[in-house]
Protein chains: 2
Amino acid sequence: MQNKTLIKGNLETIILKLLQDNGEMYGYQISKRVKKMTDAEIQITEGALYPALHKLEAAGNLDIRQQTIDGRARKYYCISKEGKKEVARKIAEFETFVSSMYMILNPVAKCK
Amino acid sequence: MQNKTLIKGNLETIILKLLQDNGEMYGYQISKRVKKMTDAEIQITEGALYPALHKLEAAGNLDIRQQTIDGRARKYYCISKEGKKEVARKIAEFETFVSSMYMILNPVAKCK
DNA sequence: GCAATATACATAATATACTTAGGTATGTCA
DNA sequence: TGACATACCTAAGTATATTATGTATATTGC
């Protein structure tokens with residue numbers, strides 16, 4: 001992705017949606033999964049990912065479970081009931097925005 | 001629009017595309033047009049609009065023509081040759097990003 | 001006639017949400 | 001044993017908006 005600014009405002013949506021679909025995941029896993037799913041088009045940097053996870057947890061949208069696997073600490077996150085409401089809202093918001101953008105990018109002739 | 005951050009990175013695209021489709025326009029007109037076209041879903045604030053116009057002009061993507069109409073100064077902008085290349089690039093970028101987002105929001109089952 | 005609203009431009013201060021860069025630590029593979 | 005992968009983290013810098021404020025003229029309603 002050349003212009004990386006397009007991810008702005010969509011990072012939390014991505015994280016919440018992935019957790020909703022896949023049950024619990026840990027941060028590193030999320031970043032790899034997003035890269036793979038989007039053919040490396042969207043790459044979440046660690047400097048954005050971890051603060052976002054902490055923020056979502058603090059807001060009550062995620063629950064956390066820590067575990068050590070193969071000597072490495074992992075923090076598994078899963079979406080909370082509040083988080084499910086939030087992700088639905090965020091996806092709707094994204095779709096509305098995209099729809100609005102296409103009103104400008106693909107203007108349709110109006111009837112009188 | 002609740003989350004106004006979604007416009008980030010798309011403002012220049014909107015301005016360039018409108019000017020490409022409508023010939024010359026002035027700032028105030030652009031902001032009103034966008035509001036109308038998107039049913040007020042996207043509203044460009046003046047604090048974002050005017051600096052964006054100046055930046056696009058400085059980058060050679062817009063040409064400017066000043067005129068006074070009914071005692072009020074207006075600055076008409078129109079897209080340059082460079083601007084046309086730029087808007088094509090930005091629209092492609094937006095579409096790629098949206099497509100990538102939908103790979104996450106609407107994941108499709110993969111064949112083995 | 002005058003106040004409120006619309007038109008038309010502009011900039012400064014502030015906020016947000018990223019990127020970049022740097023750090024710690026363990027495991028794996030050539 | 002040195003590079004790369006895994007797994008977490010934070011601080012500083014940057015980009016791009018919002019909010020607030022300013023100037024000035026025209027129009028509209030009471």
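A note on names: the letters A, B, ... follow the listed sequences, proteins ahead of strands, and every chain is numbered from 1.
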Send over the distance from [X] [atom1] to [N] [atom2], rounded to a whole Å.
| X | N | atom1 | atom2 | value |
| --- | --- | --- | --- | --- |
| B:L49 | D:dT16 | CG | C1' | 14 Å |
| B:K8 | C:dT19 | NZ | C1' | 14 Å |
| B:R65 | C:dA8 | CZ | C1' | 15 Å |
| B:Q67 | C:dA8 | CD | C1' | 14 Å |
| B:I7 | D:dT16 | CD1 | P | 13 Å |
| B:I44 | D:dA17 | CD1 | C1' | 12 Å |
| B:Y76 | C:dA8 | OH | P | 8 Å |
| A:N10 | C:dA17 | CG | C1' | 11 Å |

Check: A:F94 ring centre within less than 6.0 Å of B:Y102 ring centre: yes
Near-ring test A:Y50/A:Y28, centroid separation under 6.0 angstrom: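 Between A:Y28 and A:Y50, the centre distance exceeds or equals 6.0 Å.
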Most 5' of B:P51 and B:K32 on DNA chain C, judged by nearest nucleotide: B:K32
Side chain of [X], heavy atoms from C-beta onward: which of [options] has the nearest atom to it?
| X | options | value |
| --- | --- | --- |
| A:K55 | C:dA17, D:dA15, C:dC18 | C:dA17 |
| A:R74 | C:dA17, C:dC9, D:dA7 | D:dA7 |
| B:Y26 | C:dC9, D:dA7, C:dA17 | C:dC9 |
| B:H54 | D:dC8, C:dA10, C:dA17 | C:dA10 |
| A:T5 | D:dA15, C:dT7, D:dC9 | D:dA15 |
| B:L11 | D:dA17, D:dC9, C:dA17 | D:dA17 |

N or O in side chain of A:Y50 less than 4.0 angstrom from D:dC9 OP1/OP2: no
Phosphate OP1/OP2 of D:dC9 contacted by A:K75 side-chain N/O (<4.0 Å):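 Answer yes for this pair, as a side-chain N or O of A:K75 is under 4.0 Å from OP1 or OP2.
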Sidechain-backbone polar pair: B:Q43 side chain, B:A40 backbone, donor-acceptor under 3.5 Å: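 Yes, B:Q43 side chain to B:A40 backbone: donor-acceptor pair under 3.5 Å.
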Salt bridge (charged side-chain N to carboxylate O under 4.0 Å, His left out) partners of residues 95-106 of chain B, not counting sequence neighbours, each pair once: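 Residue pairs with at least one partner in residues 95-106 of chain B: there are none.
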In one Ile/Leu/Val/Met/Phe/Trp/Tyr side-chain cluster, 4.5 Å: B:V98, A:I14: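 Yes, it is one cluster - the side chains of B:V98 and A:I14 are joined through contacts under 4.5 Å.
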Carboxylate-amine/guanidinium proximity below 4.0 Å for A:K85 and A:E82: yes
Enumerate all atom pairs, one protein N or O and one N or O from nucleotides 20-26 of chain C, separated by less than 3.5 Å.
| from | atom 1 | to | atom 2 | distance (Å) |
| --- | --- | --- | --- | --- |
| C:dT26 | O2 | A:R72 | NH1 | 2.8 |

Distance-only donor-acceptor check, side chains A:R74 and A:Y26, under 3.5 Å: yes
Spatial distance of atom CD (A:E12) from atom CD (A:E86) [nearest 0.5 Å]: 7.0 Å
Sugar-phosphate only, base, or nothing, as touched by A:I69 at under 4.0 Å among non-hydrogen atoms: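 Nothing, no nucleic acid heavy atom in range.
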